[in-house]
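Per chain, numbering begins at 1; letters A, B, ... match sequence-line order. Bear in mind that the values here come from a model prediction, so they are computed numbers and not experimental data.
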Amino acid sequence: MQHEFPSFQSPGPDPEFPLPGSGVWTVSELTCYIKDLLELDPELGDVRLEGEISNFTRAASGHLYFTLKDAGAAISCVMWRSDAGRLDWQPEHGVAVLARGRISLYMPRGNYQLVVDELQPAGVGDLHARFEQLRDRLRAEGLFDPERKRALPDFPRVVGIVTSPQAAALRDVLNVLRRRYPLVYVLLAPSLVQGDQAPPQIVAALQDLDARDEIDLILLVRGGGSLEELWAFNNESVARAIAACRRPVVSGVGHETDFTIADFVADLRAPTPSAAAELVVPDLADLQQRLATSRERLVQGMDRLLAQMRQDLREQARSVRRLSPRARVDTHRQQVDDLLRRASNALAHRLDLHRSGLAGMEARVAALSPLATLERGYAIVRQAGTGELVRSTGQVRAGDQLAIRVQDGEFGAVVESGSEDGTERVSE
Amino acid sequence: MTDDLNSLSFEQAIGELESTVQRLEGGDLTLTEAIALYERGMHLAQHCNDALDAAELQVQELSQPGGAEA
């Protein structure tokens, strides 16, 4: 073998293996060279390898040693403890696996090997691929579309359940239904929920339930399990049977973290069987509360109505009283009284006015009466013959008969003489 | 009155109860209508309560699909 390989470099700075001048390799040199070839190859740096485990040993150190083989070849494998510790299953002799790692060379034995960092049972990767493929295909077909999801009835009367009669999942579901809404009637369509026989049985159970008119909705449930155990729920015919159901189908398969194709197709996906049961029925306590509230509102409504009616009645009665003929007679009677009162008042007023007018006039008459003057000693003198008032000396001559009026009567007098100077002396 | 209640599903009964309450609260009723609604509502409430109190979960198991006893 020529060592003038185009990409050949010195096999490293390691002084333990000095380059010989002779062109002859040491074992270590060659091994190291080959190691570099293998470990620097990009293809071999990340290998996914399918094969069957043989010669499996778990060293005391925790590292795993085994061989992967197929009909024609075998490759040594090692899985270091740090990676082996993350395995969630037990590899063993004879199991077909899918390993992922890099090719390395163990110099002391000149042995190339796969250093495995991921190891899973064969078929699992396959299942994942099939799951994703089916999911994508059905999604593209529109089977998962939100518009397809049907609403659940608020108060289902008959609930169909597809599951295994022996499963804890069924007990969980029935417990929840019994506690929350024991009014519901359960039709159990038993079915295997894992294994090859499960899908056709699940399909038949779904169809059987959906064919019954009394069914309101269907629960499809199964407790937790490995991906393989849940595989029946990733089956295409099961998915299509769910989609074909006339009634809403609620799935509750496995745990919160498990998603199956059935979950995607179902009208509602519950994280667990118990959760599925909770989602499909109302809660007894809520209902009792609702009933109590309704009853209270009935009583209050009736009370309010009666109070309103009583109030209306009182008002009507008042109106009737107001409008009755009796009331009108009373009104008229009162009007008459009023008028009478006003008339007599007016009359009295007028009399008062007259009365006070009279008194005023009397006073004025009294003031003007000459009698008052006579009382003070004055006299009224008249010609006895003519009755002419004598106001001036020029009106009398000597010998004129005069009538003299004083306070208490009249007497006659004769004028003795006219007075030249205008003074008149009257004698009795 | 109780005979026709028995033919009602729980859903119908509670639904009618709630619409009865609303009608009664809505007013504009004669006294006779109001009393009838009130009595009907009370019967419905009683019926629903009794149904809840008496209910026991009933489970019927259908035969295995295809008649195969697995």
Side-chain angles (χ1 to χ4, degrees), chain A residues 153-162 164-165 170 174-175 177-192 195 197-198 200-209 212 216 282 284-285 287-288 290-306 308-309, chain B:
Chain A
D154 290 339
F155 298 90
R157 280 158 302 179
V158 182
V159 170
I161 303 181
V162 177
S164 161
L170 177 61
L174 293 181
N175 281 339
L177 293 181
R178 195 171 285 122
R179 168 169 57 77
R180 278 179 70 94
Y181 193 66
L183 292 170
V184 87
Y185 191 91
V186 173
L187 274 180
L188 172 64
S191 164
L192 288 177
Q197 281 309 299
Q201 287 197 10
I202 292 172
V203 169
L206 284 170
Q207 289 170 346
D208 191 358
L209 288 174
R212 291 165 182 268
D216 290 316
L284 195 66
L287 287 175
Q288 280 163 340
R290 251 171 91 176
L291 278 176
T293 305
S294 287
R295 198 190 280 258
E296 218 167 281
R297 282 169 60 189
L298 267 180
V299 172
Q300 287 173 354
M302 194 67 205
D303 282 353
R304 212 172 18 247
L305 216 75
L306 285 177
Q308 181 62 50
M309 283 176 172
Chain B
M1 181 162 265
T2 40
D3 278 346
D4 87 287
L5 281 182
N6 287 332
S7 67
L8 289 182
S9 71
F10 184 83
E11 178 178 22
Q12 288 167 326
I14 200 164
E16 190 187 329
L17 171 59
E18 286 173 354
S19 66
T20 302
V21 169
Q22 281 171 10
R23 282 188 61 200
L24 189 66
E25 286 177 337
D28 205 17
L29 297 164
T30 66
L31 182 60
T32 317
E33 287 168 342
I35 290 173
L37 283 175
Y38 177 79
E39 286 185 341
R40 178 69 175 166
M42 279 301 176
H43 278 123
L44 285 164
Q46 192 58 47
H47 173 72
C48 289
N49 257 338
D50 292 349
L52 289 182
D53 290 346
E56 276 188 43
L57 190 70
Q58 287 180 285
V59 182
Q60 181 196 340
E61 185 169 334
L62 305 178
S63 62
Q64 201 83 349
E69 294 299 317

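Within the 4.5 angstrom heavy-atom criterion, only side-chain atoms of A:Arg212, from C-beta onward, approach chain B. Looking at B:Asp28, neither its backbone nor its side chain comes within 4.5 Å of chain A, counting heavy atoms on both sides. Only the side chain of A:Arg304 has a heavy atom closer than 4.5 Å to any heavy atom of chain B. Looking at A:Ile161, neither its backbone nor its side chain comes within 4.5 Å of chain B, counting heavy atoms on both sides. For B:Leu31, the parts lying under 4.5 angstrom from a heavy atom of chain A are both the backbone and the side chain. Heavy atoms of A:Val299 lying under 4.5 Å from chain B belong to its backbone as well as its side chain. Residue A:Leu183 touches chain B through both its backbone and its side chain, counting heavy-atom pairs closer than 4.5 Å. Contacts of B:Phe10 with chain A are made by side-chain atoms alone, with heavy-atom separations under 4.5 Å and no backbone atom involved. Interface remark: A:Met309 contributes side-chain atoms only to the contact with chain B (heavy atom separation under 4.5 Å). For chain B, the nearby part of A:Arg157 is the side chain; its heavy atoms alone come within less than 4.5 Å.
Qualifying side-chain hydrogen bond (donor to acceptor under 3.5 Å, both in side chains) partners for B:Gln22, counting only residues two or more places apart in sequence or in other chains: none. For the side chain to side chain contact (heavy atoms under 4.5 Å, CB included) test, residues two or more places apart in sequence or in another chain that qualify with A:Pro182 are A:Leu284, B:Ala55.
Residue with the most contacts toward chain A among B:Gly41, B:Gly26, B:Ala54: B:Gly41 (heavy-atom pairs, distance under 4.5 Å).
The residues B:Arg23 and B:Glu33 are annotated as not salt-bridged, no charged nitrogen and carboxylate oxygen being separated by less than 4.0 angstrom.
Here B:Asn49 contributes atom CG and A:Leu287 contributes atom CG; the two are 10.0 Å apart, rounded to the nearest 0.5 Å.
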